[in-house]
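To keep things clear, I will list the structure first and then write my remarks on it.
One-based numbering along the sequence shown.
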Amino acid sequence: MASTLFGVQGVVVVEVDVEADGGVTVWLATDPGVVPVCPDCGVASTRVHEYVLTRPRPLPRPAAAAAAGVERVAVVWAKRRWRCGNPDCARATFTESVPQIPPVPGWSSGCGTMPHS
Ligand SMILES: [Zn+2]
């Protein structure tokens, strides 16, 4: 059910936190079925370089949330950065992306942890 919360393909909802102010924070992770492929050389990677937390631009508040009286829906996406396994490729690492969630330039953090893990 959760993965269809926003109707976004390629990500899954890990956890939904209800904040003290009544807002909701949705933690996303990339769908484990998505194979990370280097955008430069097209070689699939199997080596995670690091995890980064990003905040995609706010998504439309789901109708279900609005019906429940939730005023604010924040999204945090725990992306993986992969190391390209192609020794001939100039790109050392790349992060996951899905077409429906555009990356936000300048907002990312290399130091963060998922809640309750
Ligand atoms: Zn590559």
Side-chain angles (χ1 to χ4, degrees):
M1 69 96 190
S3 62
T4 59
L5 182 62
F6 297 113
V8 175
Q9 305 271 323
V11 295
V12 295
V13 174
V14 175
E15 182 172 305
V16 177
D17 284 339
V18 178
E19 310 293 350
D21 65 358
V24 168
T25 299
V26 178
W27 292 79
L28 300 177
T30 307
D31 189 322
V34 173
V35 176
V37 174
C38 175
D40 280 6
C41 68
V43 171
S45 174
T46 56
R47 296 165 61 198
V48 177
H49 179 62
E50 65 177 355
Y51 286 82
V52 293
L53 295 182
T54 66
R55 290 182 183 270
R57 69 187 164 85
L59 296 168
R61 184 171 51 153
V70 175
E71 295 295 330
R72 178 179 59 80
V73 177
V75 177
V76 180
W77 181 9
K79 284 186 172 187
R80 287 165 294 186
R81 181 184 293 275
W82 297 86
R83 179 172 295 280
C84 181
N86 180 356
D88 297 326
C89 179
R91 177 184 287 265
T93 63
F94 61 94
T95 51
E96 298 167 319
S97 65
V98 298
Q100 288 178 277
I101 304 181
V104 180
W107 203 109
S108 69
S109 170
C111 54
T113 57
M114 294 293 290
H116 312 304
S117 63

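The side-chain heavy atoms of Thr25 and Val16, taken from C-beta on, include no pair separated by under 4.5 Å. You'll find the side chain of Val11 stays beyond 4.5 Å of the side chain of Asp31, heavy atoms only. Within the 4.5 Å cutoff, the side chain of Trp82 has no heavy atoms near those of the Thr95 side chain. Side-chain contact between Trp77 and Val26: absent, with no pair of heavy atoms (C-beta onward) separated by less than 4.5 Å. Under the 4.5 Å side-chain criterion, counting only non-hydrogen atoms from C-beta, Asp17 is in contact with Glu19. Side-chain contact between Val43 and Val37: absent, with no pair of heavy atoms (C-beta onward) separated by less than 4.5 Å. Side-chain contact check for Val12 versus Leu28: every heavy-atom pair is 4.5 Å or farther apart.
Using a 4.0 Å cut-off between a side-chain N of Lys or Arg and a carboxylate O of Asp or Glu, Lys79 and Glu96 do not qualify as a salt bridge.
Rounding to the nearest 0.5 Å places CZ of Arg81 at 4.5 Å from OG1 of Thr93.
Within the structure, side-chain hydrogen bond (donor to acceptor under 3.5 Å, both in side chains) contacts touching residues 35-47 (residues at least two apart or in different chains) are Asp40-Arg91.
Checked against Phe94 for a side-chain contact (heavy atoms from CB on, under 4.5 Å), the options Cys38, Cys89, Cys41 give a single hit: Cys38.
The heavy-atom pair separating Val34 from Thr30 by the smallest distance is CB-CG2, 4.2 Å. Residues Val14 and Ala29 share a closest heavy-atom pair of CG2-CB, 3.4 Å.
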